[in-house]
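Note sheet for the following structure.
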Amino acid sequence: MYQSDRIYKAKPHLITRSLSPENQETPIHFLKESETPSPLTFRRNHFPYPAISIQSYFITITGSVKTPVTLHYNQITSMPSRTVISLIECSGNKRAYFEPKVFGEQWTEGAISQGIWKGVPLSYLLSFTGISAGAREVVFLGKDSGLKNKEHVHFERSLPLEKALDSNVIVAWEHNQKLLRPKHGFPFRLIVPGWYGMASVKWLKTIRVINHHFSGPFQSDDYVYYPHKDQDKDSFPVTTNRVNSIIQHPRDRQILKPGVHEINGLAWTGEGAITSVELSFDNGETWKTAPLHDTPQKYQWVKWSYSYVFEKNHEYKIMVRAFDSLGQSQPDKAFWNRNGYGFNEVSQVKIQIEK
Ligand SMILES: Nc1nc2c(c(=O)[nH]1)N[C@H]1C(S)=C(S)[C@@H](COP(=O)(O)O)O[C@H]1N2
Ligand SMILES: [Mo]
């Protein structure tokens, strides 16, 4: 290291995909912390940021409930809280790697971050209103809105009642022990551990219990797996995160010196927990188990690493696949779908070793 590197210290920045609405990736290869700092947490928005006034901020709980309620900011933040450490991954993460290519934000590997979220369990909020017989889903409306298919709509999504009542689903107002930042949903956002990011509705305004199936544009057009290019048959909704991994070091196409190098990265899944991570140096013929750094926790990524001796004047392909407790693993070939969700093909980097 040159002396001046210490003075002009380089820091990671977000990787920009678009500015309005703001869509930026986390520089995930350069992060060592298990909680992504707020400024480096990825940002995924469908509309411009909404204007928020805290004095007049209420959340309304309505629909198929016994007693509808309107709760002020201060009422909610003084409720019994719970802290959940959870990653959030956009279902479009790694979309850029689909073949054939698909339309949409061309995320590489950084539409994922992990944080400490504090808030009140949604089930506690719903205990105030009670739930009417026949209730099926809970709909969450965000304050942000704009034009979609020529109609003015809010970002709005539903959860099946059973998932909504899971004690890990919270209405959060803190991220990494600080007040939630405006870009991540201040004053309140839903956190739905185990589901792809679209479920974690930001700038939460209205909670509506319904006795039928919700079908808004962000529920029934977007965030649906369409396996065929030209027809909608066999479609099904995007819900839980697929088992997945990333190689943080070495980076793809990096040139390294001969000798021992540590290969490291992250592995995660939706429901269930990571059970093992395997690496292959021979195009998938044989696999070696990589030690995990911690006992895998539900809803959190786990770090893994593996040391290997690399010979001079050689090219290597390093492949990585994770397994989870539900018996799922990363496939050799991604499940192609028209809108490009849930890419979790076996991870790989190619590296070159100097002469
Ligand atoms: N109100 C609202 N909530 C939203 C979105 C949005 O555009 N509006 N985007 C969703 C999607 S697709 C993702 S991946 C996550 C991203 O959360 P972040 O920007 O805090 O990282 O928020 C979700 N919640
Ligand atoms: Mo997303």
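Values below: every heavy atom of this structure, side chains too, minus hydrogens, waters and symmetry copies.
For the atom pair CD1 of Ile170 and CE of Met79, the computed distance is 14.0 Å after rounding to the nearest 0.5 Å. With values rounded to the nearest 0.5 angstrom, Phe343 atom CZ is found 11.5 Å from Thr108 atom OG1. Atom CD of Gln24 is separated from atom CZ of Phe42 by 12.0 Å, given to the nearest 0.5 angstrom. Within the model, atoms OG of Ser64 and CG of Leu161 stand 10.0 Å from one another, a figure rounded to the nearest 0.5 Å. With rounding to the nearest 0.5 angstrom, the OG atom of Ser347 is 11.0 Å from the CG atom of Asp252. In this structure, OG on Ser329 lies 12.0 Å from CG on Leu326, to the nearest 0.5 angstrom.
Between Ser325 and Thr275 there is a side-chain heavy-atom pair separated by less than 4.5 Å. Counting heavy atoms from C-beta on, the side chains of Ile318 and Gln348 never come closer than 4.5 Å. For the pair Ile191 and Val169, the minimum side-chain heavy-atom distance is 4.5 Å or more. Counting heavy atoms from C-beta outward, Lys183 and Tyr49 have side chains that approach closer than 4.5 Å. The shortest distance between side-chain heavy atoms of Tyr223 and Asp221 does not fall below 4.5 Å.
At least one test fails for Lys94 against the ring of Tyr341: distance under 6.0 Å to the centre or angle within 45° of the axis. Figure legend: cation-pi geometry between Arg157 and Phe140 absent, as NZ or CZ is not positioned both under 6.0 Å from the six-membered ring centre and within 45° of its axis. Geometric assessment of Arg321 against the ring of Trp287 yields a positive cation-pi assignment under the 6.0 Å and 45° thresholds.
Side-chain atoms of Gln300 and Ser86 include no donor-acceptor pair closer than 3.5 Å.
Remark: Trp117 engages His175 in a ring-ring contact (aromatic ring centres under 6.0 Å, His included) (not counting sequence neighbours). Judged as a salt bridge (charged side-chain N to carboxylate O under 4.0 Å, His left out), and not counting sequence neighbours, Lys303 has no contacts. Taking Arg95 as the reference, nothing meets the salt bridge (charged side-chain N to carboxylate O under 4.0 Å, His left out) condition, with sequence neighbours excluded. Lys298 is linked by a salt bridge (charged side-chain N to carboxylate O under 4.0 Å, His left out) to Glu271, counting only residues two or more places apart in sequence or in another chain. With sequence neighbours excluded, the residues satisfying ring-ring contact (aromatic ring centres under 6.0 Å, His included) with Tyr73 are Phe188.
A salt bridge (charged side-chain N to carboxylate O under 4.0 Å, His left out) check over residues 188-216, counting only residues at least two apart or in different chains, returns the pairs Glu156-Arg208.
Within 6.0 Å of the NZ atom in Lys333, the count of heavy atoms belonging to other residues, nucleotides or ligands exceeds 12.
For Glu278 and Lys288, the salt-bridge test fails: no basic side-chain N is under 4.0 Å from an acidic carboxylate O. Between Arg338 and Asp232 there is a salt bridge, since at least one side-chain N of the basic residue sits less than 4.0 Å from a carboxylate O of the acidic one.
By the 30° and 60° cut-offs, the orientation of the rings of His154 relative to His152 is perpendicular. Ring planes of Phe310 and His261: tilted class, angle from 30 to 60°.
Ring to ring, Tyr316 and His314 are close: their centroids are under 6.0 angstrom apart.
A side-chain contact (heavy atoms from CB on, under 4.5 Å) with Val69 is found for one member of Leu125, Thr60, Thr129 and no other, namely Thr129.
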